[in-house]
*Asks:* 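Please read through the structure below; I'll follow up with questions.
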Amino acid sequence: MSAPIAASNSTPLERDARLVTARDHKIAPGEIAIGVIVGRTSEFFDFFVYAIASVLVFPSVVFSFVDPLTGTLYSFALFSLAFLARPLGSAIFMWVDRKHGRGVKLTIALFLLGGSTMSIAFLPSYDQIGFAAIWLLALCRVGQGVALGGAWDGLPSLLALNAPEKNRGWYAMIPQLGAPLGLIVAAGLFAFFLSTLSTEDFLSWGWRYPFFVAFAINVVALFARLRLVATPEFEHLFESRELQPAPFWETVRLEGRTIALGSFAPLASFALFHLVTVFPLSWVTLYRGEAAERFLVIEIIGAVFCVLSMLASGIIADRVGRRAVLGVSAALIAAYSGFAPQLLGAGGFGETVYMLAGFVLLGLAFGQSSGAVNSSFSSERRYTGAATTANLSWLLGAGFAPLVALALASNFGLWSVGVYLLSGALCTLAALGINKEWARRSESARDAEPAAQG
């Protein structure tokens, strides 16, 4: 039996918000969904602003002392720092949650996220301050990662717990919509500045504006999420230990098997995530010399296809089950990995096919990847376990994907990227199979127990 978990210290901010916005008001799943979409879109907007700048800005501004390929690889190495920092942020902010409440935790985390992102807008170039520019960028990136680890608010879990039984797949898909929506906004901003400014002006000051926008978006997202965190329904779930912030290390120790399975289950979609967003942008600008704004428009169109595919995944999952959707989509991604990467080097038509097909598959897989095994967590550790699993999934599946893919493709050719993607699909299929077997054994053990007692 784990040590007793401290009750929530509801801050005056949370109490006031509850009185003002949630007086005798029952929150419906649709209202929760709006808060979830706003919150996730803001996080992914920050994510994609940095990701796009890692390809189009930092190799020239921060790593100007090396050739473009090496500069992009260095930039992708810094990109991975946020994923390494996310578990640390999760551990720190779970402590804040237990001691001071979710309102304090979210406020600190989102201001840290917005502040770290906006600080990059003021970053001096390597030509101005030398290697200090690299250290400052790395510090901001770590700040983003720590903040993202702490930005977990439990709203996706709240949404899942309040969703009608027959629509669980649909509501599981809703938080994932933040990814393509965030990409559309971020890519649209960069495409606008690239198409209206000269290269010199863009690299001097134009690229900085999307980072300013991030802070404002995070403030809006903070209030949207506090609106729900302060509701009596959320508080009730918190007090009933369905969404209790358990100690981080205790959760890892007692729920390690479920965390490991949950981290590997979505690897196919997480690996594909960067192989249709960040990596191809770097490949076409480095090796095909294409205009970045043209390819960003393709990504925006692909993101629209991704939204439609995600909506379809929710409908299909409610008919055939989430596990079936995850398994079939992983098998399709494995098939896609055998030929699609070569399309990226086959000219404009091939690039378009690669991107649109990849985004459709991403929508199907990523739409149902959230919390694939979260029901296996004990209720008192579900909140912390879900956050930890999400952070490790991103680290294992996506944290190093742009760096690994570009290094493989530049040394061995695009076919090697297909092998890398195939490994993620196989991990997903293996994790789903193991989880199904464990679930079957647990069910058999429960059935056998009454018979033994009889």
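This is a predicted model, so every value here is computed, not measured. For the numbers below, each heavy atom of this structure counts, side chains included, while hydrogens, waters and symmetry mates do not.
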*Asks:* What pair of heavy atoms forms the shortest contact from Cys140 to Ile120, and how long is it?
*Replies:* CB-CG1, 3.6 Å

*Asks:* Do Thr117 and Gln144 have side-chain N/O donor and acceptor atoms under 3.5 Å apart?
*Replies:* yes

*Asks:* Take Val419 and Phe412 through the test side chain to side chain contact (heavy atoms under 4.5 Å, CB included) and record every step on the way to the result.
*Replies:* CA-CA 11 Å; Val419 175; Phe412 303 105; over 6 Å; no

*Asks:* Backbone N or O of Leu432 within a donor-acceptor pair of the Arg323 side chain at under 3.5 Å?
*Replies:* yes

*Asks:* Would you indicate whether the side-chain heavy atoms of Ile134 and Phe63 approach each other to under 4.5 Å?
*Replies:* yes

*Asks:* Using side-chain heavy atoms (C-beta onward) and a distance below 4.5 Å, is Phe359 in contact with Leu183?
*Replies:* yes

*Asks:* For Thr41 and Val38, indicate whether the former's side chain and the latter's backbone hold a donor-acceptor pair under 3.5 Å.
*Replies:* no

*Asks:* Counting heavy atoms not belonging to Tyr209, are there more than 12 under 6.0 Å from its OH?
*Replies:* no

*Asks:* Is any side-chain heavy atom of Tyr420 closer than 4.5 Å to one of Val404?
*Replies:* yes

*Asks:* Looking only at non-hydrogen atoms, find the nearest pair between Ala303 and Pro180 and report the distance.
*Replies:* O-CB, 3.6 Å

*Asks:* What distance separates Phe47 CZ from Phe44 CZ, expressed to the nearest 0.5 Å?
*Replies:* 7.0 Å

*Asks:* Could you tell me which non-hydrogen atom of Ala133 sits nearest to which non-hydrogen atom of Ile129, and how far apart they are?
*Replies:* N-CD1, 3.5 Å

*Asks:* Just by distance, do the side chain of Ser416 and the backbone of Leu408 share a donor-acceptor pair under 3.5 Å?
*Replies:* yes

*Asks:* With a 3.5 Å distance limit and no angle check, can you tell me whether Arg141 reaches the backbone of Leu81 through a side-chain donor-acceptor pair?
*Replies:* no

*Asks:* Please say whether the positively charged group of Arg208, taken as NZ for Lys or CZ for Arg, lies over the ring of Phe122, i.e. under 6.0 angstrom from the six-membered ring centre and within 45 degrees of the axis.
*Replies:* no

*Asks:* Do side-chain atoms of Ser116 reach the backbone of Leu113 as a donor and acceptor pair under 3.5 angstrom?
*Replies:* no

*Asks:* Can you tell me if Trp135 has over 12 outside heavy atoms packed within less than 6.0 Å of its CH2?
*Replies:* no

*Asks:* Taking all non-hydrogen atoms of both residues into account, name the closest pair between Val320 and Ala324 and its distance.
*Replies:* O-CB, 3.7 Å

*Asks:* For the atom pair CZ (Phe79) and CG (Leu403), what is the distance rounded to the nearest 0.5 Å?
*Replies:* 10.5 Å

*Asks:* Angle between ring planes, Phe211 versus Trp207, binned at 30° and 60°: parallel, tilted or perpendicular?
*Replies:* perpendicular

*Asks:* Is any side-chain heavy atom of Thr72 closer than 4.5 Å to one of Thr285?
*Replies:* no

*Asks:* Compute whether any side-chain donor of one residue and acceptor of the other, for Thr70 and Asp67, lie under 3.5 angstrom apart.
*Replies:* yes

*Asks:* Report the distance from atom CG of Leu296 to atom OG1 of Thr277, rounding to the nearest 0.5 Å.
*Replies:* 11.0 Å

*Asks:* Working to the nearest 0.5 Å, report the span between CZ of Phe273 and CG of Leu362.
*Replies:* 6.5 Å

*Asks:* Check Phe279 against Val417 and note the closest heavy-atom contact, atom names and distance.
*Replies:* CZ-CG2, 3.9 Å

*Asks:* Would a 4.5 Å heavy-atom cut-off, applied to side chains only, mark Met355 and Phe295 as touching?
*Replies:* yes

*Asks:* Give a yes or no answer on whether the side chain of Ser309 reaches the backbone of Cys306 with a donor-acceptor pair at less than 3.5 Å.
*Replies:* no

*Asks:* Tell me if a side-chain donor or acceptor on Ser90 pairs with a main-chain N or O of Arg86 at a distance below 3.5 Å.
*Replies:* no

*Asks:* Does some side-chain heavy atom of Phe76 sit less than 4.5 Å from a side-chain heavy atom of Ser282?
*Replies:* yes

*Asks:* Tell me if a side-chain donor or acceptor on Ser64 pairs with a main-chain N or O of Val61 at a distance below 3.5 Å.
*Replies:* no

*Asks:* Please assess Leu406 against Leu69 for the test side chain to side chain contact (heavy atoms under 4.5 Å, CB included), listing each intermediate value before the final yes or no.
*Replies:* CA-CA 9 Å; Leu406 183 57; Leu69 172 60; 4.1 Å; yes

*Asks:* Flag the pair Tyr74 / Val62 as yes when at least one side-chain heavy-atom distance between them is below 4.5 Å, and no otherwise.
*Replies:* no

*Asks:* Do you know which two heavy atoms are closest between Ala405 and Leu275, and how far apart they sit?
*Replies:* CB-CD2, 3.5 Å

*Asks:* I would like to know whether Phe48 and Phe190 meet side chain to side chain contact (heavy atoms under 4.5 Å, CB included); could you show each step before the answer?
*Replies:* CA-CA 10 Å; Phe48 281 117; Phe190 274 99; over 6 Å; no

*Asks:* Taking His274 for its side chain and Ala398 for its backbone only, find out whether a donor-acceptor pair lies under 3.5 Å.
*Replies:* yes

*Asks:* State, yes or no, whether a side-chain contact exists between Phe305 and Ile301 at a heavy-atom distance under 4.5 Å.
*Replies:* yes

*Asks:* Salt-bridge test for Glu299 and Arg294: reply yes if a basic N is under 4.0 Å from a carboxylate O, no otherwise.
*Replies:* no

*Asks:* Mark yes when over 12 heavy atoms from residues, nucleotides or ligands other than Tyr50 sit less than 6.0 Å from its OH; otherwise mark no.
*Replies:* yes

*Asks:* Would you check, one step at a time, whether the test side chain to side chain contact (heavy atoms under 4.5 Å, CB included) holds for Leu344 with Trp283?
*Replies:* CA-CA 8 Å; Leu344 194 58; Trp283 181 262; 3.9 Å; yes

*Asks:* To the nearest 0.5 Å, what is the distance between OG (Ser313) and CG (Leu361)?
*Replies:* 12.0 Å

*Asks:* Return the OH to OH distance between Tyr336 and Tyr354, rounded to the nearest 0.5 Å.
*Replies:* 4.5 Å

*Asks:* Ignoring hydrogens and geometry, is there a side-chain-to-backbone donor-acceptor pair from Asp97 to Phe93 under 3.5 Å?
*Replies:* no

